[in-house]
Peer 1: 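Just passing along the structure, written as structure tokens.
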Number of protein chains: 2
Amino acid sequence: MVSHAQQDDAGLIDVHTHVVPQSFPAYLGRHLDAPWPSMMPAQACHQHVMVSGAVYRTVSHQCWDCAARQADMAARKIGRQVLSPMPELLSYWMAPEDGAAMCRYLNEVIASMVADHPAHFMGLGAVPLQDVSLAIHELDVAMHRLGMAGVEIAGNVNGTVIGDPRFLPFFEAAADWGAAVFVHPLRPSGMDRLVGPAALEQVLAFPGETGLAAASMITGGTLARLPNLRIAYSHGGGSLSALLPRLQHAWQSLPNVRDAMPIEPAQAARRMFYDNLVYDADTIHRLIQVFGNSQIMVGTDYPFSIMDNDPVGRLRSLALSDDVIQQLRSGNARRWLDLA
Amino acid sequence: MVSHAQQDDAGLIDVHTHVVPQSFPAYLGRHLDAPWPSMMPAQACHQHVMVSGAVYRTVSHQCWDCAARQADMAARKIGRQVLSPMPELLSYWMAPEDGAAMCRYLNEVIASMVADHPAHFMGLGAVPLQDVSLAIHELDVAMHRLGMAGVEIAGNVNGTVIGDPRFLPFFEAAADWGAAVFVHPLRPSGMDRLVGPAALEQVLAFPGETGLAAASMITGGTLARLPNLRIAYSHGGGSLSALLPRLQHAWQSLPNVRDAMPIEPAQAARRMFYDNLVYDADTIHRLIQVFGNSQIMVGTDYPFSIMDNDPVGRLRSLALSDDVIQQLRSGNARRWLDLA
């Protein structure tokens with residue numbers, strides 16, 4: 001594969017940034033009590049995302065305001081943001097037709113932001129994976145009508161992990177159509193193992209969820225069946241870097257584990273992409289060691305409160321060669337996104 | 001603290017080895033359908049551990065035969081094994097009085113193995129943590145009557161993680177009485193996220209369970225309240241090394257996370273001990289980087305099929321200084337076990 005690193009002069013690509021629309025359309029479905037979101041005014045430049053009568057999260061205008069985003073990007077020396085929905089909006093728990101309607105709305109909002117500022121934004125859409133056929137249809141619309149780069153999905157859909165065979169037709173379509181797939185944790189396992197503030201869901205349960213989701217793509221065989229699938233994981237793949245050596249040992253020493261996996265796990269993991277959102281230089285070095293120079297990209301979680309505020313400084317702190325830094329800045333993201 | 005590394009000439013200490021008794025007493029409780037284990041003959045030198053009428057696991061005579069263990073130790077240049085029950089025997093799901101009876105039996109079996117070969121074995125007992133008062137009573141017996149070094153516990157007790165405040169009185173007793181506590185995964189979270197052979201429970205769900213259990217001791221405050229508690233985690237702490245940088249960032253950037261934790265997470269983690277059972281030199285180096293030279297010990301999972309067969313070779317592969325190797329071989333284990 002040709003490296004795009006040397007061709008890249010458009011600056012750093014941030015693959016992990018979220019969008020919340022400024023408003024939501026009225027619910028037009030037929031289900032009583034559908035958890036359809038709405039917006040309520042909050043403090044200046046903020047709105048409350050309301051779900052089922054309660055504030056789900058209070059978000060700032062950077063979630064929808066392209067000018068505000070561009071000002072922040074200029075200040076932080078970000079060349080391009082990959083936009084994806086705030087994961088809670090993926091709506092897998094709604095009736096499929098409601099979920100599809102929400103995904104379509106999100107995709108149109110994000111595609112419109114990209115169309116207005118194509119040099120600064122690329123878009124990842126949403127698909128209603130609670131119904132695989134509808135999800136494939138929405139992927140078709142996102143890729144072929146709205147011109148999106150791919151889709152964001154969660155690590156599980158109502159408790160079923162993405163490596164489950166039921167999702168294989170969706171990943172086949174994503175591979176066939178060249179969609180970049182970004183996996184973000186949502187409604188994670190392990191919630192009953194947390195003791196402390198509510199934020200620990202994101203802090204501690206999210207990484208484990210992502211690690212198990214990524215592992216399931218290896219152990220379930222999806223990755224081996226789809227060599228062209230371009231799939232990336234948020235938060236450095238979560239716990240995967242810690243799980244992988246044990247999975248590799250089991251593959252080498254336990255025949256029934258080996259028989260289940262045509263590609264050895266350590267190599268399979270190096271076919272996938274990961275953002276560098278782990279907040280620590282040593283930990284990014286560890287990601288590079290486990291997954292390879294060629295698979296790590298910049299991600300910040302902009303504009304949420306847990307975001308990494310200085311991605312350029314973070315890269316500088318790694319003290320890597322210019323070539324590798326260029327891979328992390330944009331070269332790897334360009335391969336994942338299939339940017340010329 | 002005085003380092004014991006220079007005083008150590010008894011050879012390598014393996015802190016993670018399991019025992020299954022050669023037989024179990026008949027069930028004498030009053031609960032119909034209690035899942036009390038029994039043994040059934042299997043192939044030569046093996047027995048089936050039967051639970052509720054089915055084979056739970058087929059185990060070899062190394063599980064109970066001190067001579068067989070000592071021969072293996074001599075061949076592998078292991079000086080001393082720390083014996084702990086096969087985790088499934090911890091019996092947290094039995095009625096408390098049944099669980100207490102099983103723990104007492106395990107403790108007497110293990111204490112007897114140690115009494116017969118005190119230079120080669122040390123013992124960790126079991127306590128019925130489904131009833132904290134009974135667990136404290138059994139800890140008292142294990143420490144003060146049976147002379148054990150401490151106890152093995154699971155990362156959760158019937159779904160409640162060990163950092164939950166209900167277990168604080170138990171950990172207070174463990175700290176007061178100088179018991180070494182060894183945390184092993186059992187009935188882990190995340191089982192519904194696995195796709196593949198049954199062994200993935202141990203391979204992929206175990207590390208996440210241990211990571212969340214260790215994190216709960218930090219986020220729930222137990223560790224901060226008990227500076228003298230000596231607690232160790234199996235499998236290199238599982239996913240904790242991957243969770244910790246994110247927890248540290250959250251502690252630094254989110255006030256409600258910081259307010260909940262009097263000690264910063266990165267420092268709190270370096271108060272705890274971890275075995276090196278991660279099957280890979282780079283990953284052991286990562287454990288040292290995250291947790292410190294002084295907190296990593298040798299563990300092998302002897303005599304189960306996933307065990308690390310050559311712990312001496314594993315240490316040699318690390319290419320560390322003699323002083324650090326000596327810490328990992330035995331010095332850190334001696335501190336954890338409070339061996340003079």
Peer 1: Name the option with the most non-hydrogen atom pairs under 4.5 Å to chain B; the candidates are A:Gly237, A:Ala242, A:Pro245.
Peer 2: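 Top option by heavy-atom pairs under 4.5 Å: A:Pro245.
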Peer 1: Quick check on the interface: out of B:Ala198, B:Gly190, B:Ala260, B:Gly211, who has the most heavy-atom pairs with chain A under 4.5 Å?
Peer 2: B:Gly190
Peer 1: Please look at A:His285 and chain B and tell me whether the side chain, the backbone, both or neither of the residue comes under 4.5 angstrom of a heavy atom of that chain.
Peer 2: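 Neither the backbone nor the side chain of A:His285 comes within 4.5 Å of chain B.
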Peer 1: Please classify the contact between B:Val278 and chain A as side chain, backbone, both or neither, with a heavy-atom cut-off of under 4.5 Å.
Peer 2: backbone
Peer 1: Going by the side-chain hydrogen bond (donor to acceptor under 3.5 Å, both in side chains) test, which pairs reach into residues 203-220 of chain B, not counting sequence neighbours?
Peer 2: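 Listed by first then second residue: A:Arg193-B:Glu209, B:Asn156-B:Glu209, B:Ser189-B:Glu209.
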Peer 1: With a strict 4.5 Å heavy-atom criterion, list every residue of residues 296-306 of chain B that contacts chain A, or say none.
Peer 2: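 Expected list: B:Ser305, B:Ile306.
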Peer 1: Where does B:Leu200 contact chain A at under 4.5 Å (heavy atoms): side chain, backbone, both or neither?
Peer 2: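 Contact with chain A: side chain only.
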Peer 1: Measuring from A:Arg246:CZ to B:Phe206:CZ, what's the distance to the nearest 0.5 Å?
Peer 2: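 Between A:Arg246 CZ and B:Phe206 CZ, I get 7.5 Å after rounding to 0.5 Å.
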Peer 1: Heavy atoms only, distances under 4.5 angstrom: which of A:Pro197, A:Ser253, A:Gly220 has the most pairs with chain B? Name it, please.
Peer 2: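 So the answer, after comparing A:Pro197, A:Ser253, A:Gly220, is A:Pro197.
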Peer 1: With rounding to the nearest 0.5 angstrom, report the CG to OG1 distance, A:Asp192 to B:Thr160.
Peer 2: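 Interatomic distance, A:Asp192 CG to B:Thr160 OG1, rounded to 0.5 Å: 8.0 Å.
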Peer 1: Using side-chain hydrogen bond (donor to acceptor under 3.5 Å, both in side chains) as the criterion, list what pairs up with B:His184, not counting sequence neighbours.
Peer 2: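 With sequence neighbours excluded, B:His184 shows a side-chain hydrogen bond (donor to acceptor under 3.5 Å, both in side chains) to B:His16, B:His18, given in chain and number order.
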Peer 1: Which answer fits A:Leu247, side chain, backbone, both or neither, if we ask what part of it has an atom under 4.5 Å from a heavy atom of chain B?
Peer 2: both
Peer 1: Can you measure from CG (B:Leu254) to CD (A:Gln202) and round to the nearest 0.5 angstrom?
Peer 2: 8.0 Å
Peer 1: Hey, could you give me the CG/CE distance between A:Leu212 and B:Met191, rounded to the nearest 0.5 Å?
Peer 2: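 That separation rounds to 10.5 Å.
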Peer 1: Do you know which of A:Pro207, A:Ser239, A:Ala205, A:Gly238 has the most heavy-atom pairs under 4.5 Å to chain B?
Peer 2: A:Pro207
Peer 1: Is there any side-chain hydrogen bond (donor to acceptor under 3.5 Å, both in side chains) pair reaching into residues 262-272 of chain A, and which pairs are they, with sequence neighbours excluded?
Peer 2: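 Residue pairs with at least one partner in residues 262-272 of chain A: A:Gln248-A:Glu264.
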Peer 1: Which bit of A:Val257 comes within less than 4.5 Å of chain B, counting heavy atoms only: side chain, backbone, both or neither?
Peer 2: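 Both backbone and side chain.
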Peer 1: Among the options B:Gly221, B:Gly159, B:Pro165, B:Gly155, pick out the one with the most heavy-atom pairs lying under 4.5 Å from chain A.
Peer 2: B:Gly159
Peer 1: Between chain A and each of B:Asp280, B:Leu243, B:Asp259, count heavy-atom pairs under 4.5 Å; write down the option with the most.
Peer 2: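 Going by pairs under 4.5 Å, I would pick B:Leu243.
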Peer 1: Side chains of A:Ser241 and B:Arg286: do they bring a donor and an acceptor to under 3.5 Å?
Peer 2: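 Checked: A:Ser241/B:Arg286 side chains show no N/O donor-acceptor pair below 3.5 Å.
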